Amino acid sequence: MTDTPRAAQAAPALSAQYAPGEVEQRRYEQWVADGLFKADASSDKPPFTIVLPPPNVTGSLHIGHALDHSVQDALTRRKRMQGYETLWLPGMDHAGIATQNVVERQLASDGVSRHDLGREAFVEKVWQWKAESGGKILGQMTRLGDSVDWSRERFTMDEGLSRAVLTIFKRLFDDGLIYRAERIINWCPRCLTALSDIEVEHSDDDGELVSIRYGDGDNAIVVATTRAETMLGDTAVAVHPDDERYKHLVGTEVELPLTGRRIPIVADPHVDPAFGTGAVKVTPAHDPNDFEIGQRHDLPSLTIMDERGVITTHGPFLGLDRFEARPAVVAALRAEGRIVAEKRPYVHAVGHCQRCNTTVEPRLSLQWFVRTEPLARAAGDAVRDGRVRVEPPELTKRYFAWVDNMHDWCISRQLWWGHRIPVWYGPNGELVCVGPDDEVPTGEGWVQDSDVLDTWFSSALWPFSTLGWPDETAELAKFYPTSVLVTGYDILFFWVARMMMFGLYAMGGRQPFDVVMLHGMVRDQYGKKMSKSFGNVVDPLDWIERFGADATRFTLLRGANPGADVPVSEEWVQGARNFANKLWNATRYGLSNGATVEGELPTEGLSTVDRWILSRLQHVIGEVDQQFEAFELAKVCDTLYHFAWDDVCDWYLELTKPVLTGDDEAAKAVTRRVLGHVLESLQRLLHPIMPFVTEELWTTLTGRPTVVRAEWPSADKELVDDAAEGEVDNLQRVVTEVRRFRADQGVKPAQRVVARLEGLDAAGLAAHEGLIRSLARLDAPRQGPDGTEFAATAKLAVGVGVTVELDTRGAIDVAAERARLTKDKVAAEKEAEQCRAKLGNPAFTDKAPEPVVAKIRQRLEAAEADLTRIAAQLEALQ
RNA sequence: GGGCGCGUAGCUCAGCGGAAGAGCACCCGCCUUACAAGCGGGGGGUCGUUGGUUCGAACCCAACCGUGCCCACCA
């Protein structure tokens, strides 16, 4: 006990429970103050880069972000510890429509519209809003512990990124990859702007399919539609060229009801003769298919609605909303006896605005487009030829399905908040695309295009615009291509494919990232989607408050294998909180028992138990490395959880108690050093997952300043010790079996039982009798008052060839033990029978690989030995 | 209408060709001097169904049933 005072001194006091609230903020502020997250572009270290998917400036941290960020932080922190020059770059997206809507709503509550303010003042107002209440999410990220480089925070509308937008626009324009055209686009009649395909969500809605007779007598032809009101804009009827029913009508005209107009009947292969009547009404201005038919047949396009979806044709329907016009038109047609059939409800897919859920209206209008074909092909090839790896690989199919079938991308939006399209129109029809260094045309009559670019246009540049592109910066040279892109599989198309297109295009064919790691969606404990209406939404800040950031992160990462959805529940985060506390107490125990990290790890004088835990540690390091490289963070969590809880806490700490409380100072010193090593290694391994508690514990245990830049553990093959693992494995089986027996027999845990152990030599356990006795609470045999040894009343086979004779003071329940032995006997008989059947089958012995056959032989021998032993025990129980 | 995925213990999932696993929940016993946010022990599954391939199938193939997601300009 001579060094107890030293041990006590070396152990700063840790409270009895881990209190995250007292640790997290202090630690985070210190990390930032010490510049630990800052990346150095001039460093010689190999780079590791992640750009944070920029959250919307309007957003706040939800559980999905928490998952996304936890994954990125875990990857980043490990690489930092591995000695990479690590950059995790944060920033925000200006989120065009979303932000404009927020500010417009705010104005509306004051009775002001953006038009009252005018464009310039409105945009000013949005900037003001951004400065005051935007970007809350960035502050919330610190609560999670995100190790981002705050000195490099970017915004998609800041000056540098705006310049990147102008640069690439100009380049695409000059390459003929951006063009302006009159096309049918998705239009939101509420947001009053064009939308791209991905901003439209389809859902099956109830509608009504009505069949309308056009023309009369021999010329009559029946068409079917779910959008009766568009018939006002029909300019033809189309049939399939080979449709015998209508061949005689092709080239003739019919009268369009309600309008008095006569329209042609044309033959077009797009028409499916098997659907409905095989005749289609053609409304080029209000349907994309019809528009194409119209182009092929040189039909006029008749626009019958304004931008709000209100009918603009003269007549009784003027001024009606499209949804009012529909029944009105049907009623009018019915009055004329032209409705020949109705099918209601008729379920069909209808597009809705992603932002406001308004039914999208296909609208003919003049918009800007990106010609995606060559860009998308390159984006597909980069994955096809392996330059970019997608995790999980199954999702590549979806990726290809998307990039290989992409339509041209409508990039103009009729909004005010965003990057204004850098095109100027002259008084005589001139059109000039103005690059970032070009002079803006001046003079009478020149005006800039009033539209702004789709938000995704600037976010598609994120992996390189944030590093200084188009300038050739040190950052770009050092950190591009980025290493991993981490995001949910839900925006594989929205964002990932577009970054690929623009990254490859702008960076000379160099991909924006080497790996795309797609995680799943956070769900509740029953696998249900989280939704406000369902009331199962988890607020990560609430969890951080109550259980700590580490517990929140662990709960999320514990399910975060690539592509897998992540179910969470309050019970599980409690379990994670308990785990943090377990680590806390293990270290507290270690400190109070003199665990140390000073000096070399001893190679001499290690006990079997020490060698066992060190060996296990090497395996764990190897597994964790492999799992990290495969992005299987759920497995990382599982591996470390079990190593920490089972191997270290339940076994190693218990197995070393006799040494640490004993008198052998040399042995004690060795174990204290091993214990210190195991604890601090575990803390380093867990730091990427649980940064706060590990920082607090590691700095306390080691006395060093921070684990953030401590060296990542590497496995040492020299420390792998199969013999020690085998011995401890046998020991555990013996102890567990005795404990089972004691529990079955109702022997109080505290009660010591006299026992004789036999067969320890054969199991390699001769040297560990003391440990077995201490963990199983068995006393050595002793003499009774009459001078004879105690009488064994129960003989217990505990596997691995060991038997234990226990004196249970006559309390043994013979019937219960007999039942158990009988059960074991039946199982062993069955096992033996199975093995004999296999070994007696020539097909098996001929074809199965030798190790498998050997294994079966071993099983048979073991089963036969069990049977012999059980028979003897049953005999002894008489 | 196309495409993808999943059905393994009460719940959520891992295992993906050679003896059915984890966490939580459940049952029994314990305040054993790091931790009751803990310790020890235990019960519980013909691995969706039916066929096939194989010496051997939860794992490979086929069909079916159930379920989830993505894409989509059949009026």
Side-chain angles (χ1 to χ4, degrees), chain A residues 14 16-18 184 186 197 202 209 223-227 230 238 270-272 274-283 287-292 348-349 351 362 394-395 397-398 401-402 405 407 489-490 492-493 521 523-527 529 547 551 558-559 561 563-569 571-572 574-593 632 634-635 638 641-642 649-650 653-654 657 661 735-736 739-744 746-751 775-777 831 834-835 838 841-849 851-853 855-856 859:
Chain A
L14 291 180
Q17 277 189 358
Y18 174 50
I184 291 263
N186 303 299
D197 289 349
H202 293 266
L209 185 70
V223 299
T225 182
T226 54
R227 303 202 53 203
T230 62
H270 167 79
V271 179
D272 175 6
F275 186 91
T277 60
V280 184
K281 60 190 277 305
V282 181
T283 323
D287 183 281
N289 286 320
D290 293 6
F291 180 75
E292 283 178 21
H348 61 137
E394 303 88 69
L395 285 172
K397 287 175 195 160
R398 269 194 206 178
W402 170 260
N405 297 295
H407 295 153
Y489 59 65
D490 56 332
L492 178 61
F493 317 117
M521 305 294 110
R523 295 171 177 274
D524 75 8
Q525 61 189 310
Y526 305 109
K529 226 180 212 164
F547 305 108
R558 198 174 201 180
N561 280 332
D565 285 342
V566 181
V568 299
S569 81
E571 282 170 355
W572 302 346
Q574 279 171 20
R577 185 263 324 261
N578 296 353
F579 180 49
N581 195 46
K582 188 77 178 173
L583 297 169
W584 182 266
N585 277 297
T587 304
R588 193 158 73 100
Y589 166 82
L591 286 167
S592 67
N593 282 280
E632 295 172 327
K635 290 186 184 174
D638 194 58
Y641 180 90
H642 283 109
C649 291
D650 286 349
L653 295 188
E654 297 303 326
K657 275 179 183 171
T661 57
V735 169
T736 300
R739 284 172 174 169
R740 191 231 90 218
F741 178 82
R742 292 177 53 123
D744 277 2
V747 181
K748 295 288 174 196
Q751 183 185 339
L775 288 184
R777 294 178 177 275
E831 169 80 357
Q834 275 176 0
C835 293
K838 275 209 162 182
N841 179 357
F844 171 72
T845 47
D846 290 353
K847 294 195 181 178
V852 174
V853 178
K855 217 171 179 178
I856 301 291
R859 279 170 50 191

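These figures come from a predicted structure and were not determined experimentally. Residue numbers begin at 1 in each chain, while the letters A, B, ... track the order of the sequences.
Side chains of A/Lys582 and A/Asn578 form no contact here, defined as non-hydrogen atoms less than 4.5 Å apart. Counting only heavy atoms from C-beta outward, the side chains of A/Arg859 and A/Glu831 approach each other to under 4.5 Å. Taking the side chain as every heavy atom from C-beta outward, A/Val568 and A/Arg558 never approach each other to under 4.5 Å. You'll find the side chain of A/Leu591 reaches within 4.5 Å of the side chain of A/Leu14, heavy atoms only. Looking at heavy atoms from C-beta onward, A/Asp744 lies in side-chain contact with A/Arg740 at the 4.5 angstrom threshold. The shortest side-chain heavy-atom distance between A/Arg227 and A/Pro362 falls under the 4.5 Å cut-off. Side-chain contact between A/Val852 and A/Phe844: present, with at least one pair of heavy atoms (C-beta onward) separated by less than 4.5 Å.
Residue A/Asp287 is classed as having no contact, given no heavy-atom separation below 4.0 Å to the nucleic acid.
With rounding to whole Å, A/Ile184 atom CD1 is found 16 Å from B/A75 atom P. The NE2-P distance, from A/His407 to B/C71, rounds to 13 Å in whole Å. Between the NZ atom of A/Lys529 and the P atom of B/G68 there is a distance of 11 Å, given to the nearest Å. Atom-to-atom, CD of A/Glu394 to C1' of B/G68 comes out at 16 Å; the value is rounded to the nearest Å. A/Asp490 has its CG atom 13 Å from the P atom of B/C69, to the nearest Å. The distance between atom NZ of A/Lys397 and atom P of B/G3, rounded to the nearest whole Å, is 12 Å. Atom-to-atom, CG of A/Asn841 to P of B/C55 comes out at 9 Å; the value is rounded to the nearest Å. In this structure, the CD atom of A/Glu571 is 10 Å from the P atom of B/C24, given to the nearest Å.
Using atom C1' as the reference point in both B/U12 and B/A63, the two lie 30 Å apart (nearest Å). Spacing of P atoms, B/A62 relative to B/C74, comes out at 29 Å, to the nearest Å. For the P atoms, the distance from B/C6 to B/C60 is 9 Å, rounded to whole Å. As rounded to the nearest Å, B/C39 and B/A20 have P atoms that lie 29 Å from one another. Rounded to a whole angstrom, the distance from the P atom of B/A25 to that of B/A37 is 12 Å. Remark: the separation of the C1' atoms in B/G66 and B/C27 is 33 Å, to the nearest Å. Taking atom C1' on both nucleotides, B/A9 is separated from B/C4 by 29 Å, rounded to a whole Å. The gap from the P atom of B/G17 to that of B/G7 amounts to 15 Å, rounded to the nearest Å.
For A/Trp584, the ring-ring contact (aromatic ring centres under 6.0 Å, His included) criterion is met by A/Tyr18, not counting sequence neighbours. A search for ring-ring contact (aromatic ring centres under 6.0 Å, His included) contacts involving A/His270 returns nothing, not counting sequence neighbours. Contacts of A/Lys657 classified as side chain to side chain contact (heavy atoms under 4.5 Å, CB included), with partners at least two apart in sequence or in another chain: A/Tyr589, A/Glu654.
Residue whose closest nucleotide on RNA chain B sits further toward the 5' end, between A/Ala279 and A/Lys748: A/Lys748. Of the residues near RNA chain B, A/Tyr489 and A/Phe275, the one whose nearest nucleotide (by heavy atom distance) lies more toward the 5' end is A/Tyr489.
Of the candidate nucleotides B/C55, B/A72, B/A75, B/C55 has the atom lying nearest to any side-chain atom of A/Ala843.
Distance check, rounded to the nearest 0.5 Å: NE2 of A/His202 to CG of A/Asp197 gives 7.5 Å. We find the CD1-OG1 distance between A/Ile184 and A/Thr283 to be 9.0 Å, quoted to the nearest 0.5 Å.
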B/S/- contact track for nucleotides 32-42 of chain B, protein heavy atom under 4.0 Å: B-BB-BSSSSS
Under 4.0 Å protein heavy-atom contact, by nucleotide of nucleotides 6-20 of chain B - B base, S sugar-phosphate only: -----SS--S--BB-
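Helical stems in RNA chain B, defined as runs of 3 or more consecutive Watson-Crick or G-U wobble pairs with both donor-acceptor distances under 3.5 Å, are listed by first residue as B:1-7 with B:65-71, B:10-13 with B:21-24, B:26-30 with B:38-42, B:48-52 with B:60-64.
Between the side chain of A/Arg777 and the backbone N or O of A/Gln751 there is no donor-acceptor pair closer than 3.5 Å.
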